[in-house]
Amino acid sequence: MVVALYNRALSAYPILTQSAATAVLFAAGDVLAQQGVEGKGLAGHEWARTGRLALFGLVVAGPALSHWYRFLDRRIVLRNAHPLTTLSARVAMDQFVFSPVSVATFFTVNTLLEDGKLDMAKLKTKLSATYSTALVNNWKVWIPVQYANFWFVPVQHRLLVVNTVALGWNTYMSNLNAKGSELAEEEVALAVPVVEK
């Protein structure tokens, strides 16, 4: 029943449906990060953080990924090539073109949403502490997932597969973003000169 409802919504409103699913799974990943990894308990749960990640999923990641998978399916077709060659080209584009931008966008947008403005010093510290680790781990997880996803799953369901795997990935990214934010806050605080009275 839920799958049938999802498929109807997907047919009628593909971008909105995929974006809403992405938002729910980003929020769920953050809840798992705060409760399962960080052990904050309900009293210490940062609901604004969960909301920021849901908003990122709804407004940024969902639409971007939805359009990206359609682009890959329509435009990355190597004529007269073995299907595995086209598959490898799609995975390469996804992981070596889209992912580096996507990971940077995740940390940048979350920094903006956390502060209500883009503090370049904080962003620089956060990116230097998180970006390389996140990107390398992204490749470890997503290259095999995307090979299977692009080979076996119809384009309209690819984002759902990604979002399912991303529940664990979003938990990791939420936790890494929180650690990067804490580090950036500490470094920015240390850089601010203390004025004696």
Side-chain angles (χ1 to χ4, degrees), residues 18-68 94-143 145-146 159-160 162-196:
Q18 291 176 328
S19 297
T22 304
V24 167
L25 289 164
F26 263 95
D30 180 66
V31 169
L32 287 172
Q34 291 193 54
Q35 299 306 315
V37 178
E38 299 164 29
K40 290 188 171 204
L42 289 178
H45 190 91
E46 296 175 48
W47 291 105
R49 175 176 144 183
T50 302
R52 287 190 301 268
L53 284 158
L55 182 63
F56 177 81
L58 180 68
V59 176
V60 180
L65 288 166
S66 184
H67 287 293
W68 176 247
D94 185 58
Q95 290 304 303
F96 301 111
V97 174
F98 188 82
S99 288
V101 174
S102 177
V103 169
T105 300
F106 174 82
F107 291 120
T108 302
V109 170
N110 276 286
T111 300
L112 174 66
L113 292 174
E114 288 164 6
D115 297 338
K117 62 181 174 38
L118 193 54
D119 181 331
M120 293 307 288
K122 182 177 177 183
L123 178 61
K124 183 178 177 186
T125 299
K126 183 189 276 189
L127 287 175
S128 70
T130 59
Y131 180 79
S132 296
T133 301
L135 189 59
V136 168
N137 287 331
N138 172 85
W139 291 331
K140 290 176 185 175
V141 170
W142 291 108
I143 288 174
V145 167
Q146 293 297 52
L159 186 54
L160 183 60
V162 165
N163 281 338
T164 302
V165 175
L167 185 56
W169 178 253
N170 294 343
T171 301
Y172 166 76
M173 289 295 284
S174 174
N175 182 256
L176 188 62
N177 183 63
K179 288 178 180 176
S181 292
E182 289 172 14
L183 179 64
E185 289 290 335
E186 290 170 9
E187 286 203 16
V188 167
L190 290 175
V192 175
V194 177
V195 179
E196 299 278 335

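Just the heavy atoms: all of them, side chains too, but no hydrogens, waters or symmetry mates, feed the values below.
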Going by salt bridge (Lys or Arg N to Asp or Glu O under 4.0 Å), name the residues that satisfy it together with Glu185, two or more places apart in sequence or in a different chain. Lys122

Show every salt bridge (Lys or Arg N to Asp or Glu O under 4.0 Å) that has at least one partner inside residues 165-182, sequence neighbours left out. none

Begin with the C-alpha distance, continue with both residues' side-chain angles, and end with the deciding distance and a verdict on side-chain contact (heavy atoms from CB on, under 4.5 Å) for Phe106 and Asn170. CA-CA 11 Å; Phe106 174 82; Asn170 294 343; over 6 Å; no

Evaluation steps, side-chain contact (heavy atoms from CB on, under 4.5 Å), between Tyr172 and Asn138: CA-CA 10 Å; Tyr172 166 76; Asn138 172 85; over 6 Å; no

Is any side-chain heavy atom of Leu55 closer than 4.5 Å to a side-chain heavy atom of Phe26? no

I need the minimum non-hydrogen distance between Trp142 and Gln95, along with the two atoms involved. CB-NE2, 3.5 Å

How would you list all residue pairs meeting salt bridge (Lys or Arg N to Asp or Glu O under 4.0 Å) that involve residues 51-60, not counting sequence neighbours? none

Ignoring hydrogens and geometry, is there a side-chain-to-backbone donor-acceptor pair from Ser128 to Thr125 under 3.5 Å? yes

Is it the case that the ring center of Tyr131 lies less than 6.0 angstrom away from the ring center of Phe107? no

Please name the pair of heavy atoms, one in Ala23 and one in Ala54, separated by the smallest distance, quoted to 0.1 Å. CB-O, 3.3 Å

Report the distance from atom OG1 of Thr105 to atom CZ of Phe56, rounding to the nearest 0.5 Å. 6.5 Å

Side chains of Thr130 and Asn177: does their closest heavy-atom pair fall under 4.5 Å? no

Closest non-hydrogen atom pair between Leu183 and Ala129, with its separation: CD2-CB, 3.4 Å

The criterion is salt bridge (Lys or Arg N to Asp or Glu O under 4.0 Å); which residues satisfy it with Asp30, sequence neighbours excluded? Arg49

Shortest non-hydrogen contact from Thr22 toward Ala61: CG2-CB, 4.0 Å

Got Asn137 and Trp169 here, is their nearest side-chain heavy-atom distance under 4.5 Å? yes

NE2 on His45 to OG1 on Thr50, rounded to 0.5 Å: 3.0 Å

OG1 of Thr171 to CG of Leu53: how many Å apart, nearest 0.5 Å? 10.0 Å

May I ask you to check whether Trp68 and Asp94 show a side-chain donor-acceptor distance below 3.5 Å? yes

Heavy-atom nearest pair, Leu58 first then Pro63, reads O-CD, 3.2 Å

Spacing of Glu114 atom CD and Thr111 atom OG1 [to the nearest 0.5 Å]: 5.0 Å

Measuring from atom CG of Leu112 to atom CG of Leu123, what distance do you get when rounded to the nearest 0.5 angstrom? 9.5 Å

In short, salt bridge (Lys or Arg N to Asp or Glu O under 4.0 Å) pairs touching residues 127-139 with sequence neighbours left out are none

Ser102 side chain to Phe98 backbone, donor-acceptor under 3.5 Å: no

What pairs with Lys40 under salt bridge (Lys or Arg N to Asp or Glu O under 4.0 Å), at least two apart in sequence or on another chain? Glu38, Glu46

Taking every non-hydrogen atom, the tightest pair across Val103 and Ala134: CG1-CB, 3.9 Å

Mind checking the CG-CE spacing from Asn110 to Met173? Nearest 0.5 Å is all I need. 8.5 Å

